[in-house]
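It should be emphasised that the depicted structure is a prediction, and the values quoted were computed from it without experimental measurement.
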Amino acid sequence: MHTVINLEERIGKTVGRRTAPGDAFRYGMALQKLGVELDKTFGCRFLPKGCYKFHSHEEADSWLMTQLIRRAKS
């Protein structure tokens, strides 16, 4: 028994109308640059660094609003 591989088959599926960026690396680096510029402009980050886990979307939204309000007050 041997494995059959179809080299002509395109793997992957696009749902919706989104198209992939022409140069993904350049696109990613532009986002990094924007983040650095925003950080320098506003003096500090909007959200604390770290990895956050939530039990629901509602809990995550509540935490996000709390952080944004706290940032706006300072």
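Under a cut-off of 6.0 angstrom, the local environment of CD in Gln32 is sparse, with at most 12 non-hydrogen atoms contributed by other residues, nucleotides or ligands.
The list of salt bridge (Lys or Arg N to Asp or Glu O under 4.0 Å) pairs with a residue in residues 53-62, not counting sequence neighbours, is empty. The salt bridge (Lys or Arg N to Asp or Glu O under 4.0 Å) analysis of residues 19-33, with sequence neighbours excluded, yields the pairs Asp23-Arg26.
How far CH2 of Trp63 is from OH of Tyr52: 4.5 Å, rounded to the nearest 0.5 Å.
Shown here are the side-chain contact (heavy atoms from CB on, under 4.5 Å) partners of Tyr27, two or more places apart in sequence or in another chain: Pro21, Leu31.
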